[in-house]
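Structure first, then comments.
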Amino acid sequence: MTAIYSETQLATQLPAASHPLDPLVAEEILAAIAIVKAERHLSERVRFITVTLQEPPKSVVLNFQPGDAVEREAFIILLDNQDGACYEAVVSLTQQALRDWKHIPNAQPPIALDEFFDCEAAVKASPEFQAAASKRGITDMSLVMVDPWSAGCYGNEPETDRGRRLSRALCWVKDSPTDNGYAHPIEGVLAIVDLNSMEVVRIEDHGVVPVPPESGNYAREFVESRFRQDLKPIAITQPEGASFTVEGHEICWQKWRMRIGFTPREGLVLYTVGYEDQGELRPIIYRASLAEMTVPYGDPQVQAYRKNAFDVGEYGVGMLANSLTLGCDCLGEIRYFDAVMSTSRGDIFQIENAICMHEEDFGILWKHTDWRTDQVEVRRSRRLVLSFIATVGNYEYGFFWYFYQDGSIQYEVKLTGMMNTSAVPPEVRPKYGTLIAPQLYAQNHQHIFNVRLDMCVDGMNNSVYEVDTEAVPMGDENPYGNAFYAKSTLLPTEQAAQRLFDPYKARYWKIVNPERQNRMGYPVGYKLVHGENGLPFSHPEASVTRRAGYTTKHLWVTPYQPNERFPAGEYPNQHPGGDGLPTWTAADRAIENTDLVVWYTFAHTHVPRAEDWPVMPTAYTGFMLKPVNFFNENPANDLPPSPAKQSAQHKCH
Ligand code: NI
């Protein structure tokens with residue numbers, strides 16, 4: 001469940017943080033808000049869009065010893081509803097003082113959760129909207145759903161829209177209170193809402209298209225009469241408990257060590273990920289998170305061409321996280337973590353059980369049968385799962401990190417929920433989508449993700465190589481034509497490191513520490529292993545491509561800068577484009593043997609299917625990080641065999 005409460009319920013004494021990377025607790029969030037309110041004499045019209053930990057410098061984190069005093073700071077993004085101005089504040093919680101305050105010109109902060117509700121209410125109350133709805137036979141406003149889509153920036157907006165904080169809301173209508181409204185788009189009607197004043201600026205009516213008549217229900221009350229009857233229970237039991245230990249936000253599992261955090265924008269954040277190898281804790285990643293995602297739709301029609309949500313930068317997947325339920329979302333011995341944030345009104349917004357951690361059996365990790373002696377050695381793979389699930393309007397995204405016993409790390413996004421829909425007149429077959437019910441279609445679109453990986457493979461200074469597999473020309477060196485080898489090319493600067501995946505060369509990128517070798521003299525490294533990928537189908541000059549420039553390359557590498565956090569910039573909402581990675585990397589800084597950040601882009605292209613309706617079976621996309629000559633041998637060779645179960649037919653060895 002989620003809970004909202006305010007400062008009256010809280011003590012005045014701030015609890016001491018046990019580590020510099022611990023997320024802010026409720027008392028700290030409220031104290032930060034109170035300090036900035038008092039010092040800036042803020043009116044009730046100033047909103048607190050996000051209040052997060054101002055992460056301390058790496059040197060503070062890396063030199064920290066348990067028991068050391070922790071300096072705490074909060075970073076706050078504020079929005080003044082009166083004049084639309086955006087501010088950033090840094091508050092010292094230790095000194096109880098405002099450290100920094102600045103106006104950020106031409107910036108639109110992300111859309112806050114409470115703006116969703118206010119926007120829907122404003123549209124439903126608009127006489128102009130009611131008139132447009134009535135033209136379509138819709139009179140009961142309680143059945144109308146309004147999704148506050150971000151407005152983007154196209155350059156064709158009326159002059160009066162400029163500088164305003166806008167949503168271009170799309171609307172649906174339900175048959176009944178629990179009906180799936182996405183089966184019934186109110187086609188042709190767009191509500192343009194000023195989110196500062198909650199004024200409906202105008203209703204655009206592009207002509208009546210009948211509301212698709214058929215229901216698209218998936219909820220239990222609509223399906224239970226045909227529930228399948230032949231499922232036997234599966235129980236995951238760990239009679240001695242799970243194999244991980246948790247202290248505060250630090251996690252130990254097998255040889256893995258890491259810390260976790262949570263922000264309203266990125267959701268789950270991993271810090272100081274390392275693997276204990278023969279008594280030495282070897283660092284791999286300093287910080288990892290989903291830094292941006294963009295969902296461009298491919299339909300040029302008037303109601304759809306602006307559909308391209310930046311779900312991290314415009315909405316915040318952390319703020320939209322679900323409160324998870326044991327046995328439904330997660331199976332087994334689960335450890336949950338809550339997420340604590342602020343509402344835009346300055347109260348505490350707490351999501352219980354936002355992060356799920358558990359272990360999963362993952363089949364066979366390795367096996368060999370010695371066919372001469374009949375000796376069988378097999379070890380089962382187990383992985384540690386850290387995840388959260390966000391509901392962004394119609395879609396659900398599950399964001400999963402997996403840690404394996406052989407030193408591999410996997411990132412997986414699980415896409416499910418509801419497709420976004422539009423209506424067409426009877427007999428029309430749309431080119432840019434798929435009919436999923438009479439007069440109802442789902443549009444072609446992509447989900448493009450970027451994960452920021454602040455790497456520290458065996459130390460702070462790393463280099464990145466591109467590795468292509470090359471066939472050798474026939475000749476003296478390759479007389480039989482069979483020879484191929486792995487060719488490593490150093491990527492020395494930011495421009496050189498803007499790369500695309502090439503499956504025909506089995507291309508991968510490896511992040512190495514050039515100053516440390518394994519026992520055979522290879523630099524220790526981790527390689528980025530591709531899953532599904534692709535390129536954006538939007539043109540280079542399209543608004544969404546300019547705004548999401550990061551989507552045009554699969555790999556970007558930058559030297560670490562604490563203020564370079566998000567690949568489409570700090571404030572992508574209504575931004576004209578060019579910010580973030582394309583701007584920073586224009587300097588073409590050196591990235592060799594230095595503290596560097598790897599940004600990996602991966603795309604899932606979704607041409608809708610009948611089977612994705614009325615609710616989408618989960619689609620999976622992501623990538624892996626695998627050790628490459630990081631260890632001297634298979635680090636999971638030391639796994640004990642699993643106890644064999646006796647059964648009449650089979651005997652395990
Ligand atoms: Ni999709």
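Start at 1 and go down the list; that is how both ligands and their atoms are numbered.
Taking the centre of each ring, Y154 and Y305 come in below the 6.0 Å mark. Side-chain rings of Y402 and F362 stay apart, their centers remaining 6.0 Å or farther from each other.
Taking backbone and side-chain atoms together, Q446 has no N/O/S atom less than 2.8 Å away from the Ni ion (ligand 1). Note on H604: not counted as a metal contact of the Ni ion (ligand 1), no N/O/S atom lying under 2.8 Å.
Here the CG atom belonging to N106 is positioned 12.5 Å from the CZ atom belonging to R162, to the nearest 0.5 angstrom.
When ND1 of H606 and OH of Y395 are joined through the Ni ion (ligand 1), the resulting angle is 100° to the nearest 10°.
Inter-residue side-chain proximity for L79 and N196 is flagged as met; some heavy-atom pair is nearer than 4.5 Å.
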